[in-house]
Amino acid sequence: MKISYHGHSVVKIETEGKTILIDPFINGNELTDLKVEDQKPDVILLTHGHNDHVGDTVEIAKASDALVVAPNELAVYLGWQGLNTHPMHIGGARQFDFGKVKFTQAFHGSSYTTPNNEIIYTGMPAGILFTAEGKTIYHAGDTALFSDMKLIGERHPVDVLFIPIGDNFTMGPEDAAYAVSLIKPKIVVPVHYNTFPPIEVDPQKFAGLVEEADVQILQAGEFVTFK
Ligand code: NI
Ligand code: MN
């Protein structure tokens, strides 16, 4: 399995011949190394409806015929755009041919803003547990700290955690480091920082506060290293 980070909350997983993109925000993401036209994923997983997470999903999925797996309200909305979708929701898991997906809670909002400045409600925001090849990846989405992260880590031992540290809209470095102590992943990768001025944060501050996990601060295009 290859797991790479692409700026903001964009994660790519390559497993058993399938490519999975999580929250593919490319246009408008000055930190990313990806180009929309180069993306040919088999699957797109979405945590919530905010534009910096749905990103270029419609264009990429139309070009690649990717299956889009998202919380129900968001999946329905994207289905209306002509995409091939699979709705799920918090607490539900499903074994797909590319791996197992389970949605967790996240404390945040979820809506999509159209070019006409309409705000479409897209249900509850979520985190995603993805398991394949015996490894579990937890992409926490956008969220505040919550104590049930401990339960999530106990029920699903996490190999790689992607956790937001940018503050303002999500946890900042201190709460994110505390979340790591609850989830107890083997590896943690900070995400959702330095994309925009309100979320400018030094990831070394986060790294210095984490005591037990292997903190891997990745630049866009870099891979998680399994030791
Ligand atoms: Ni958000
Ligand atoms: Mn966000």
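On a predicted model such as this, the values are computed, not experimentally measured, just so you know. Note that these values count all heavy atoms, side chains included, but never hydrogens, waters or copies made by symmetry. Order of appearance sets the numbers: ligands from 1, and atoms from 1 within every ligand.
- Within His192, the N/O/S atom positioned nearest the Mn ion (ligand 2) carries the name NE2.
- In plain terms, the two heavy atoms of His192 and Ser9 that are nearest each other are CD2-OG, 3.3 Å.
- Rounded to 10°, the angle formed at the Mn ion (ligand 2) by OD2 of Asp52 and NE2 of His53 is 90°.
- Summarising the geometry of Ile90 relative to Met124, their closest heavy-atom pair is CD1-CB, 3.7 Å, with the distance given to 0.1 Å.
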Checklist entry - Going through the checks in order, is the salt bridge (Lys or Arg N to Asp or Glu O under 4.0 Å) test met by Lys184 and Glu154? => result CA-CA 9 Å; Lys184 302 190 192 309; Glu154 284 172 1; over 6 Å; no

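- Phe25 and His8 have perpendicular rings, their planes meeting at more than 60° on a 0 to 90° scale where under 30° would count as parallel.
- Thr170 places no side-chain N or O within 3.5 Å of a backbone atom of Asp142 that could act as its donor or acceptor partner.
- Neighbouring protein atoms of the Ni ion (ligand 1) (N, O or S, distance under 2.8 Å, waters ignored): His48 NE2, His50 ND1, His108 NE2, Asp142 OD2.
- Taking the six-membered ring where the residue is Trp, Phe146 and Phe107 present tilted rings, their angle falling between 30° and 60°.
- Looking at every heavy atom in both residues, Pro203 comes nearest to Pro190 through CB-CG, 4.4 Å.
- Closest to the Mn ion (ligand 2) among the N, O or S atoms of Asp142 is OD2.
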